[in-house]
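Notes for the one structure printed next.
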Amino acid sequence: MTDPLDRSGLRALAAQLSFHLDDQKAVVGLYERWRTSGDDGALEQLEIWLYCFVWRYFLTKATNHPDLSRVELEALVGDTFLRLRSQLDTIRQTQRLIGWVGISCRNAFRNYLRSVRRRPRYEPDSPLLEPPEAELHLWHSDLSRLVPQLSAAIDRLPPFLQEVTRMALLQQLPYQEISRRLNKPPGTIRVYLSRAFQRLRQDPGLADFLGLL
Amino acid sequence: MLMNKLELGEKILQYPWLAEEEQRRVEEAVRRAPEWKALLESVQQLTPLLQSLHLTTEDPMSEEMLAFYLITRDLSPYPLPPSLAAYFSQLEARLETDDALRRRCEALARRLEELLEGVDARAHFEQLTGRTLRKEAAAPVVCESPLGARADLSLTAVSKAPDRPARQRARRSSWRWVERVAVLVVALSVVYGGLFFWSRAMQSELERLGFISPALLTIDRYRGEAPAAETAEALYQEALQTIATAHSSWFGLFPRYDMDRLARAESLLVAVTRAPAAALPRQEALFLLGKVRLLRHDVAGARQVLQQVAAQEGPYMEEAQRLLRALQCLETPETC
């Protein structure tokens with residue numbers, strides 16, 4: 001049995017990109033190249049990236065929403081992709097591209113959830129298809145946006161801060177274990193982490209998750 | 001109870017997930033050890049973000065995170081960015097030891113299969129954008145280390161084929177250009193070939209026999225200085241130029257001749273053949289005269305001069321004999 005990512009052609013499509021889907025530096029570089037040169041090859045790559053990004057976002061959400069059918073999912077992907085594609089040249093700060101795409105996906109999914117709640121129910125006593133909590137969840141725990149953004153923000157830190165931050169935030173290693181693995185005294189780890197967290201606090205890619213937008 | 005430095009550091013890193021009472025104890029401990037204040041403050045500032053991660057051993061791992069992992073780990077043929085790879089390693093370590101989590105992951109994989117059933121992403125993308133993407137086989141992909149030892153969670157049977165490095169892709173990209181150029185050359189050759197045969201079909205048999213190769217029209221300066229006006233050689237050169245200007249074509253296809261110029265060339269060539277002491281260009285002139293007359297559909301006149309050429313020993317004798325045989329075949333096909 002082949003992998004559904006293969007059967008659907010999503011993997012083949014992502015393979016047409018010249019970089020990983022989550023290589024934010026490459027995506028922003030491509031976007032800047034397209035904005036300055038109007039190069040159609042760059043635009044095609046950008047569209048493929050956008051399409052794959054949107055698919056992944058909604059596919060991730062759909063696993064948790066059993067009422068979302070495949071047809072609705074494909075329509076959601078298509079509509080959101082087309083809307084974002086038509087507005088691609090409207091972003092003032094190129095660095096904000098990925099955040100903008102992520103927030104637009106979140107808003108599209110929120111609108112979908114609201115439309116589901118407004119649908120008429122054939123049985124008056126049946127529960128709401130999508131409780132409002134699902135919308136709140138989008139604000140508090142939008143992991144399919146947060147994880148790649150946080151990972152990219154850590155990769156943007158100075159090299160000497162990256163490893164210690166990965167261990168602390170992504171791998172959740174105990175403080176003592178971090179100190180042991182990096183062969184640094186606890187005081188050094190403390191200073192490194194303080195600096196790293198302060199920098200993450202200022203990273204524009206994380207502003208939305210920190211309530212700064 | 002006092003905490004030692006390592007315990008305090010540990011508690012500060014767990015701060016976003018601690019109960020409120022425990023958080024107050026940490027804050028109190030930091031007041032007594034102000035060197036930890038900066039770290040606590042920076043963690044507090046990141047608290048809304050860190051609380052969303054659901055990575056502590058106490059919290060159930062979110063379904064969304066598992067789905068994100070299942071989709072992302074193999075979606076792209078390129079290695080994961082370092083931090084994302086570290087995050088997935090953490091998830092995989094838990095998946096290897098947690099059977100319940102593993103079962104949830106397998107259920108999610110089945111849901112993903114249902115959602116992707118019948119999806120044709122390439123056709124969908126092309127329909128939305130109006131683009132035509134290049135054909136490319138979907139290579140089954142497994143990311144390299146550090147995720148090499150990933151749990152076999154079947155989003156489904158994940159092939160163990162090696163990853164494709166970016167350099168190889170760049171090489172393939174350059175080959176793709178070579179292939180495109182080769183296809184273009186073949187396509188142009190086919191088109192040109194078709195036009196060539198069409199062009200041939202448009203010509204009469206006499207025009208084909210009378211075709212004058214450009215090589216015959218090059219003016220040979222082997223005799224040194226330009227000849228004096230009105231000499232046989234000067235007339236011959238003028239005849240060559242006249243024939244050259246009478247001919248026109250489109251990239252060698254659909255040749256046409258200006259009949260007035262051909263008539264002028266014919267009279268010049270006749271003058272050359274009649275001039276005294278014009279032995280050297282005489283046979284050339286007679287041969288060209290035969291060709292010009294064929295182009296002007298003067299078969300009798302062409303045969304007359306070609307017979308003279310065919311009767312003399314010289315470079316054009318055999319060609320003249322061939323043309324005479326071809327004319328014979330045209331007039332009496334049953335003899336050929």
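Just so it is clear: chains get the letters A, B, ... in the order the sequence lines come, proteins before strands, and each one is counted from 1.
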TODO: Would you check if B/L18 and B/R25 make a side-chain contact, meaning some heavy-atom pair closer than 4.5 Å?
DONE: no
Looking at [options], which makes the most heavy-atom pairs under 4.5 Å with chain A?
{"options": "B/A107, B/A93, B/G9", "answer": "B/G9"}
{"options": "B/T47, B/L133, B/L39", "answer": "B/L39"}
{"options": "B/E41, B/Q45, B/Q127", "answer": "B/Q45"}

Open item on the list: Please confirm whether the ring centroid of A/F58 lies under 6.0 Å from the ring centroid of A/H65.
Closed with: no
- [ ] For B/E21, look at atom CD and say whether over 12 heavy atoms of other residues, nucleotides or ligands are found less than 6.0 Å away.
- [x] no
What residue, out of [options], has the most heavy-atom pairs lying under 4.5 Å from chain B?
{"options": "A/L173, A/L21, A/L193, A/V77", "value": "A/L193"}
{"options": "A/L10, A/V147, A/I154", "value": "A/V147"}
{"options": "A/R190, A/E177, A/E74, A/Q176", "value": "A/R190"}
{"options": "A/L73, A/T165, A/L82, A/L59", "value": "A/L59"}
{"options": "A/K25, A/E44, A/R195, A/Q24", "value": "A/E44"}
{"options": "A/A168, A/A62, A/P186", "value": "A/A62"}

TODO: Using non-hydrogen atoms and a 4.5 Å limit, figure out which bit of A/I189 sits close to chain B: side chain, backbone, both or neither.
DONE: neither
Open item on the list: So for A/L157, is it side chain, backbone, both, or neither that comes closer than 4.5 Å to the heavy atoms of chain B?
Closed with: neither
- [ ] Could you verify whether a donor N or O on one side chain and an acceptor N or O on the other, from A/D142 and A/Y57, lie under 3.5 Å apart?
- [x] yes
Below 4.0 angstrom, N of the basic side chain to O of the carboxylate: do [X] and [Y] qualify?
{"X": "B/E22", "Y": "B/K11", "result": "yes"}
{"X": "B/R131", "Y": "A/D40", "result": "yes"}
{"X": "B/D120", "Y": "A/R7", "result": "no"}
{"X": "A/R35", "Y": "A/E32", "result": "no"}
{"X": "B/E27", "Y": "B/R24", "result": "yes"}

What distance do [X] atom [atom1] and [Y] atom [atom2] have between them, rounded to the nearest 0.5 Å?
{"X": "A/L43", "Y": "A/Y31", "atom1": "CG", "atom2": "OH", "answer": "10.5 Å"}
{"X": "B/I71", "Y": "A/T63", "atom1": "CD1", "atom2": "OG1", "answer": "6.5 Å"}
{"X": "A/E72", "Y": "A/S115", "atom1": "CD", "atom2": "OG", "answer": "7.5 Å"}

Need one label for [X]: side chain, backbone, both or neither, based on atoms under 4.5 Å from any heavy atom in chain A.
{"X": "B/E117", "result": "both"}
{"X": "B/L13", "result": "side chain"}
{"X": "B/E114", "result": "backbone"}

Task: Residues in residues 183-192 of chain B near chain A [non-hydrogen atoms, under 4.5 Å] - done: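 Heavy-atom contacts from residues 183-192 of chain B to chain A are absent.
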Open item on the list: For A/Q87 and A/W100: C-alpha separation, side-chain torsions, deciding distance, then whether side-chain contact (heavy atoms from CB on, under 4.5 Å) applies.
Closed with: CA-CA 11 Å; A/Q87 298 171 0; A/W100 170 74; 3.6 Å; yes
